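Notes follow the structure.
Nothing here was measured: the structure is a model prediction, and the numbers come from that model. All ligand and atom numbering here is 1-based and tracks the order in the structure.
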Amino acid sequence: MAQKAAEKAPAFFGQQEYAKGLDGVIACETHINYIDGAAGKMIYRGYDVEEIGEQTNYEETAYLLIYGKLPTQSELDDFTAKLISYRSVPPEVIQVLKIIPTAKTHPMSALRTGVSALGTFNPDAEEQSVENYEDIGLQLIAKLATIAGAVQRIRAGKEPVEPDPSLDHSANFCYMMTGEKPSEVFEKMMGLSLVLHADHGVNASTFSSMVVISSLTDMYSAIAAGIGSLKGPLHGGANEQVLYMLNEIGSADKADEYMDNAIKNKVKIMGFGHRVYKAYDPRARIFALHSKELCEAAGKPELYEIAKRVEEKVIDAYGAKGIFPNVDFYSGTIYHCLGIETAMFTPLFAVSRVAGWVARILEYLPQNRIFRPRAVYLGEKDLQYVPIDQR
Ligand code: MLT
């Protein structure tokens, strides 16, 4: 049998189209999210994200993504109460975060470590029922904000604060980072950002968490994998790289020269282009509007002007190829104006995206098949082993 399968292998590969980076490969079925890349549109469970972004809070969005419908008021109240009851993390997890060498560790690595540590304190972590995966998923949605808040406080040399049950998810997250109840603007922007980042097709971090769960391992491992993937500069980590670039440019009048050089030398410009969108990312459109307002209100209008000039130059050079700002381009300018440390931008993304990871995992598990692609073998064959003293 094994011999027959091996003989078949070359023919099998010959018939398959090899798609580098799984470009365009359909990996699963979903009802959660659809992106029309040509039109620059994105929907959560049928609802346009631009409308959802303006109308809902994070809890309502998470409910929609996970359960497939907008909740009634009592369903939302129960869901919100459950998330509030799940916010605390064991003090030992905070201890683990405190012994991480903060100055040298990216906060995404601390977040990933926090999730791994959290799993070791749950005696039910390995139980494989759908109910258990769902329950731990909801716990992780609630607790990731607590861990990220603690990571920020420890980085700032401050003591982490306990969650405040009187605040909704986004306001409480702001509170746990700063130790103060957020202003109306801070709360509104954080809410919008958490809603807009909550899910986005089979992106790398979502796929990573699905691949990991497909072996029927525990939920903590899958979410830790999602965080590890999101951290990279080609994924969620791009938002902080954008701000470093805008700071490096320094002023709007230097943007042209900087960009001309970058374009001439084919330097990768973070925050632009997307595997799926060949038009403006709808999330970037929303963030661009708020970025202008916020930069002006924060007395940093130049930051928006630099960003706008960079956008114009990139669209001028690459717009015809379908390269436009993506979600990461303007989000950082908003976080910066809210006073958030640049290294914390990607953890903010994770605190939101965990709802998408959980929704996708719960959707995939009932139809689970372990992910197991194959590779085109380009190496040698039929070599004879040479003993080490004869090489
Ligand atoms: C995301 O939201 O995950 C990013 O836009 C990346 C992607 O969708 O591939």
Side-chain angles (χ1 to χ4, degrees), residues 19-28 30 32-45 47-50 52-53 58 61-62 64-65 108 111-112 141 144 192-212 222-223 225-243 268-288 291 311 314 322-335 345-361 363-364:
K20 195 170 180 186
L22 300 184
D23 200 347
V25 170
I26 307 295
C28 59
T30 187
I32 295 176
N33 162 302
Y34 175 69
I35 302 166
D36 181 342
K41 288 264 167 211
M42 197 256 279
I43 55 176
Y44 286 163
R45 297 274 189 186
Y47 298 95
D48 195 306
V49 74
E50 299 190 39
I52 292 286
Y58 183 69
T61 301
L64 173 68
L65 292 173
M108 283 294 273
L111 197 63
R112 191 194 59 223
I141 292 173
L144 205 62
L192 178 71
S193 175
L194 294 189
V195 168
L196 292 182
H197 282 100
D199 189 74
H200 203 249
V202 193
N203 59 81
S205 58
T206 298
F207 188 52
S208 304
S209 56
M210 290 173 67
V211 169
V212 170
I223 300 304
I227 296 170
S229 168
L230 186 68
K231 170 173 176 269
L234 294 185
H235 194 5
N239 58 11
E240 55 184 286
Q241 299 304 325
V242 169
L243 204 83
K268 176 147 185 61
I269 304 160
M270 292 300 180
F272 287 89
H274 197 278
R275 188 71 80 72
V276 184
Y277 292 115
K278 296 300 160 225
Y280 219 107
D281 180 332
R283 302 165 299 173
R285 205 163 36 231
I286 303 171
F287 281 136
S291 167
E311 176 191 328
V314 174
I323 298 195
F324 292 91
N326 62 38
V327 69
D328 300 311
F329 188 61
Y330 282 105
S331 59
T333 60
I334 293 177
Y335 301 148
F345 293 178
T346 319
L348 257 66
F349 194 155
V351 165
S352 164
R353 182 56 59 87
V354 64
W357 295 331
V358 169
R360 300 277 176 165
I361 286 171
E363 183 182 56
Y364 188 66

**Prompt:** Which residue pairs pass the salt bridge (Lys or Arg N to Asp or Glu O under 4.0 Å) test when at least one of the two sits in residues 230-241, sequence neighbours left out?
**Reply:** none

**Request:** Could you please provide the protein residues found below 4.0 Å of ligand 1 on a heavy-atom basis, arranged by chain and number?
**Result:** His200, Asn203, His235, His274, Arg283, Phe349, Arg353

**Asked** Under 6.0 Å between the ring centres of His200 and Phe349?
**Response**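 Not under 6.0 Å, so no.
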
**Request:** Mind listing the closest non-hydrogen atom pair of Leu243 and Gly332 along with its distance?
**Result:**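 Minimum heavy-atom contact is CD1-O, 3.7 Å.
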
**For Ala198 against Tyr44, the heavy-atom pair lying closest together** = N-OH, 3.3 Å

**Request:** Answer yes or no: is there an ion pair linking Asp199 with Arg360, defined by an N-O contact shorter than 4.0 Å?
**Result:**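 Between Arg360 and Asp199 there is a salt bridge, with a charged N closer than 4.0 Å to a carboxylate O.
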
**Prompt:** In this structure, which one of Phe345, Phe272, Tyr277 forms a ring-ring contact (aromatic ring centres under 6.0 Å, His included) with Phe329?
**Reply:** Phe272

